[in-house]
Amino acid sequence: MKRTWTIIGVTDVATSFKWYQSLLGLPATEPAHRYFGQILDTDGTVLLCLHEWGAHEHPTLASRERAEPGNGLLLFFRVDDFAAALPRARALVAALEEEPGVNPNTGTEEFALRDPDGYYVMLSEL
C-alpha cells in the first residue's frame, strides 16, 4: 500500500485544523502540535497535513511571502456525504468559488471554496 501525505503551509494550524474538520464533517480533535497537525479520516487515513509556515527547515514551507499559497495546487476531496458537505462549506465562507455543478469529465457533482490561507479546495461527490 502507498499513501500520499499532502502537506500545506498555513498561518494558524489550529484555525485551519478546525476549518478542515468542519468542512469534511470529521469529529473535532486538536492538532498534535502548535506547528503541525494531520486531518484524519474516521479510519485513521491521513487526508491532509497542516504545517505552520517557517516552523522548520523545510525549504518550500519557509515563508508564505515566498510563494502564493495554492499556486500549482488543487486540494481535491471526494466525499461520501456531498449533500451534507455543501451546507458545511457555505457556513465556512462568505461565498463559494464555484457553485455546485456536474463535472462533465467525471459525471459527478462538485463545488469549490477557499480555505483560511487562500488554498483552492474542491469537493466532489464520491
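As the structure is a prediction and not an experimental result, all values here were calculated from the model.
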Peer 1: Should Asp115 and Trp19 count as side-chain neighbours, where that means a heavy-atom distance under 4.5 Å?
Peer 2: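 The answer is yes; the side chains approach within 4.5 Å.
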
Peer 1: May I have the step-by-step check of side-chain contact (heavy atoms from CB on, under 4.5 Å) for Phe76 and Glu110, ending in yes or no?
Peer 2: CA-CA 10 Å; Phe76 191 94; Glu110 59 189 35; 3.9 Å; yes

Peer 1: Nearest 0.5 angstrom please: Leu92 CG to Lys18 NZ, how far?
Peer 2: 9.5 Å

Peer 1: If I take atom CG from residue Leu96 and atom CZ from residue Arg114, how far apart are they, to the nearest 0.5 angstrom?
Peer 2: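 With rounding to 0.5 Å, CG (Leu96) is 12.5 Å from CZ (Arg114).
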
Peer 1: State, to 0.1 Å, how close Ala85 and Leu123 come at their nearest heavy-atom pair, and which atoms those are.
Peer 2: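 Minimum heavy-atom separation between Ala85 and Leu123: CB-CD2, 3.7 Å.
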
Peer 1: May I ask whether Leu26 and Tyr119 are part of the same hydrophobic cluster, defined by side-chain heavy atoms of I, L, V, M, F, W, Y residues being less than 4.5 angstrom apart, directly or through others?
Peer 2: yes

Peer 1: Could you tell me if Gln21 and Thr29 have a donor-acceptor pair between their side chains, going purely by distance under 3.5 Å?
Peer 2: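 Their side chains do contain a donor-acceptor pair, which is all the 3.5 Å distance test asks for.
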
Peer 1: State the NE2-CZ distance between His56 and Phe36, to the nearest 0.5 angstrom.
Peer 2: 9.5 Å

Peer 1: Return the minimal non-hydrogen interatomic distance between Pro31 and Ala14, and the atom names on each side.
Peer 2: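 Of all heavy-atom pairs spanning Pro31 and Ala14, the closest is CG-CA, 4.2 Å.
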
Peer 1: Give a yes or no on whether Phe82 and Leu113 share a hydrophobic cluster (residues Ile, Leu, Val, Met, Phe, Trp, Tyr; joining criterion: side-chain heavy atoms under 4.5 Å apart).
Peer 2: yes

Peer 1: State the CZ-CD distance between Phe17 and Gln38, to the nearest 0.5 angstrom.
Peer 2: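 The CZ atom of Phe17 sits 8.5 Å away from the CD atom of Gln38.
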
Peer 1: Hey, is CD on Glu99 packed in by over 12 heavy atoms from elsewhere, all under 6.0 Å?
Peer 2: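 Atom CD in Glu99 is crowded, with more than 12 foreign heavy atoms closer than 6.0 Å.
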
Peer 1: In plain terms, say whether Arg78 and Glu125 are close enough for a salt bridge, that is, a side-chain N and a carboxylate O under 4.0 Å apart.
Peer 2: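 Between Glu125 and Arg78 there is no salt bridge, as every charged N stays at least 4.0 Å from the carboxylate O atoms.
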
Peer 1: Do Met122 and Leu48 sit in one hydrophobic cluster, given that two such residues count as connected whenever their side-chain heavy atoms are within less than 4.5 Å of each other, even indirectly?
Peer 2: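 Cluster IDs for Met122 and Leu48 differ.
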
Peer 1: Does Leu75 share a hydrophobic cluster with Trp53, counting links as ILVMFWY side-chain heavy atoms below 4.5 Å and allowing steps through other members?
Peer 2: yes

Peer 1: Identify the two heavy atoms, one from Pro100 and one from Arg90, that lie closest to each other, and give their separation to 0.1 Å.
Peer 2: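 So the minimum-distance heavy-atom pair works out to CD-NH2, 3.8 Å.
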
Peer 1: Can you get from Val102 to Leu86 by hopping between Ile, Leu, Val, Met, Phe, Trp and Tyr side chains that sit under 4.5 Å apart?
Peer 2: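 Hydrophobic grouping puts Val102 apart from Leu86.
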
Peer 1: For the CZ atom of Arg3 and the OG1 atom of Thr45, what is their distance to the nearest 0.5 Å?
Peer 2: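 Rounded to the nearest 0.5 Å, the CZ-OG1 separation comes out at 4.5 Å.
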
Peer 1: Assess the side chains of Thr6 and Thr4: does a donor N or O sit below 3.5 Å from an acceptor N or O?
Peer 2: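 No, Thr4 and Thr6 have no side-chain donor paired with an acceptor closer than 3.5 Å.
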
Peer 1: When you look at Asp81 and Arg88, which way does the side-chain contact (heavy atoms from CB on, under 4.5 Å) test go after all the steps?
Peer 2: CA-CA 11 Å; Asp81 64 344; Arg88 291 193 306 259; 3.0 Å; yes

Peer 1: Taking the side chain as every heavy atom from C-beta outward, state whether Ile8 and Tyr20 have any pair of such atoms under 4.5 Å apart.
Peer 2: yes

Peer 1: If we only count heavy atoms from C-beta on, is the Val46 to Ile39 side-chain gap below 4.5 Å?
Peer 2: no

Peer 1: Return yes if a side-chain donor-acceptor contact under 3.5 Å exists between Thr11 and Asp117, otherwise no.
Peer 2: yes

Peer 1: Pick out which of Ile7, Val10, Thr15 makes a side chain to side chain contact (heavy atoms under 4.5 Å, CB included) with Leu50.
Peer 2: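 Passing option: Val10.
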
Peer 1: To the nearest 0.5 Å, tell me how far His51 NE2 sits from Tyr35 OH.
Peer 2: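 Between His51 NE2 and Tyr35 OH, I get 8.0 Å after rounding to 0.5 Å.
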
